[in-house]
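Excluded from the calculations below are hydrogen atoms, water molecules and symmetry mates; all remaining heavy atoms, backbone and side chain alike, are included.
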Protein chains: 2
Amino acid sequence: MTTKKPGHPVRGSNTGRPIMVLMDVLGQRWALRILWELREERLTFRQLQERCDQISPTVLNRRLKELRDLDLLDHNGNGFGFTDQGKELGQHLLALNDYAQRWADRTQKTKE
Amino acid sequence: MTTKKPGHPVRGSNTGRPIMVLMDVLGQRWALRILWELREERLTFRQLQERCDQISPTVLNRRLKELRDLDLLDHNGNGFGFTDQGKELGQHLLALNDYAQRWADRTQKTKE
DNA sequence: CTGATTGCTACGTTTTATGTAGCAAATAAT
DNA sequence: ATTATTTGCTACATAAAACGTAGCAATCAG
């Protein structure tokens with residue numbers, strides 16, 4: 001796995017601009033979901049698997065590694081969870097949840 | 001392509017909870033990036049391709065279709081761009097950009 | 001020392017994305 | 001009217017990513 005951190009190029013951007021790095025990681029399957037499931041409590045590898053609809057361990061492991069490399073998640077005796085850095089990102093996901101709710105209300109009203 | 005809108009099941013969630021639908025879509029390759037590139041101005045299909053590092057038309061078309069189905073993007077004589085619904089999501093991406101910047105500053109300080 | 005749990009790897013199959021070519025419709029230029 | 005361009009998009013063969021299942025070494029509990 002190639003190094004992936006702010007300041008380094010990622011797929012589709014050689015500038016290493018932080019937002020590009022972040023979108024590159026979050027745009028991978030299950031990344032957002034993993035962060036979402038950790039929003040309230042730390043979870044073990046297998047707990048995460050369950051919550052993420054039995055995601056394959058291959059991918060889960062890969063994502064966890066990436067997210068830890070980026071200092072968004074860490075791992076201790078209580079399982080995987082946010083770092084201080086990551087907590088702030090978790091807040092954004094909560095905000096996104098609020099948005100999603102309103103978006104759904106409005107969208108469902110017009111279409112079906 | 002299967003129907004994808006709030007209220008309908010998505011990969012890894014049969015509840016159809018809006019956040020799940022949103023994460024399912026945004027977690028696909030290039031989805032976040034496409035929204036990001038449209039944050040300031042409308043762009044044509046080919047302009048989007050350029051901005052997104054020459055993303056293949058197959059995927060670009062697929063994403064645009066999904067994002068339009070979800071009422072996040074639309075298309076008019078000036079190209080593709082946000083709907084009113086989508087604009088709000090765009091704001092969240094801008095917030096994410098601010099976060100990414102601070103995250104990068106802090107992370108780069110500690111790791112290389 | 002036995003059994004369960006935890007984090008993780010191997011590996012063959014399926015799904016998704018890539019890259020290149022090109023087409024039909026709309027617009028602009030000659 | 002007739003080219004030439006631009007635009008949105010599809011076809012299709014190749015490559016990359018994710019899936020699903022099995023299982024292993026390390027830790028912890030009984």
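Within 3.5 Å, a donor on the side chain of Thr58(B) pairs with an acceptor on the base of dG19(C), or the reverse.
Whole-Å rounding puts the Lys65(B) NZ to dA17(C) P distance at 14 Å. Between Gln47(A) atom CD and dG7(C) atom P there is a gap of 8 Å when expressed in whole angstrom units. Put simply, CG on Leu60(A) is 10 Å from C1' on dG7(C), counting in whole angstrom units. One can place CD of Gln54(B) at 15 Å from C1' of dA17(C), the figure rounded to the nearest angstrom. In this structure, CZ of Arg62(B) is placed 12 Å from P of dA11(D), rounded to the nearest angstrom. One atom, CD1 of Ile34(B), and another, P of dG8(D), lie 13 Å apart when rounded to the nearest Å. Protein atom CG of Asn61(B) is 14 Å distant from nucleotide atom P of dT18(C), rounded to whole Å. Atom pair Phe45(B):CZ and dT6(D):C1' shows a separation of 13 Å (rounding to whole Å applied).
Side chains of Gln28(B) and Glu66(B): a donor on one and an acceptor on the other come within 3.5 Å.
The residue among Arg63(B) and Gln49(B) whose nearest nucleotide of DNA chain C lies closer to the 5′ end is Arg63(B). Map Ser56(B) and Arg46(B) each onto its nearest nucleotide of DNA chain C; the residue landing nearer the 5' end is Ser56(B).
Applying the 4.0 Å criterion to OP1 and OP2 of dC19(D), one finds that Trp30(A) has a side-chain N or O inside that range. Here Arg68(B) reaches the OP1 or OP2 of dC9(D): one of its side-chain N or O atoms lies under 4.0 Å away.
Contact of the Phe45(A) side chain with the Leu60(A) side chain is registered, since non-hydrogen atoms from C-beta on lie closer than 4.5 Å.
Which of dA18(D), dT9(C), dC9(D) sits closest to the side chain of Phe80(B) comes down to dC9(D).
Remark: Arg39(A) is positioned above the aromatic ring of Trp36(A), its terminal NZ or CZ atom under 6.0 angstrom from the ring centre and at most 45 degrees off the axis.
Here Arg29(B) lies in heavy-atom contact (under 4.0 Å) with sugar-phosphate atoms only. Across all strands, Val59(B) comes closer than 4.0 Å to base atoms (heavy-atom distances). Counting non-hydrogen atoms under 4.0 angstrom, Thr44(A) reaches the backbone sugars and phosphates but no base.
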Apply salt bridge (Lys or Arg N to Asp or Glu O under 4.0 Å) to the pair Arg17(A) and Asp24(A), showing each step before the final yes or no.
CA-CA 11 Å; Arg17(A) 274 186 309 173; Asp24(A) 183 56; over 6 Å; no
Give the intermediate values and the outcome of side chain to side chain contact (heavy atoms under 4.5 Å, CB included) for residues Asn76(A) and Arg42(A).
CA-CA 9 Å; Asn76(A) 64 26; Arg42(A) 289 192 161 261; 3.3 Å; yes
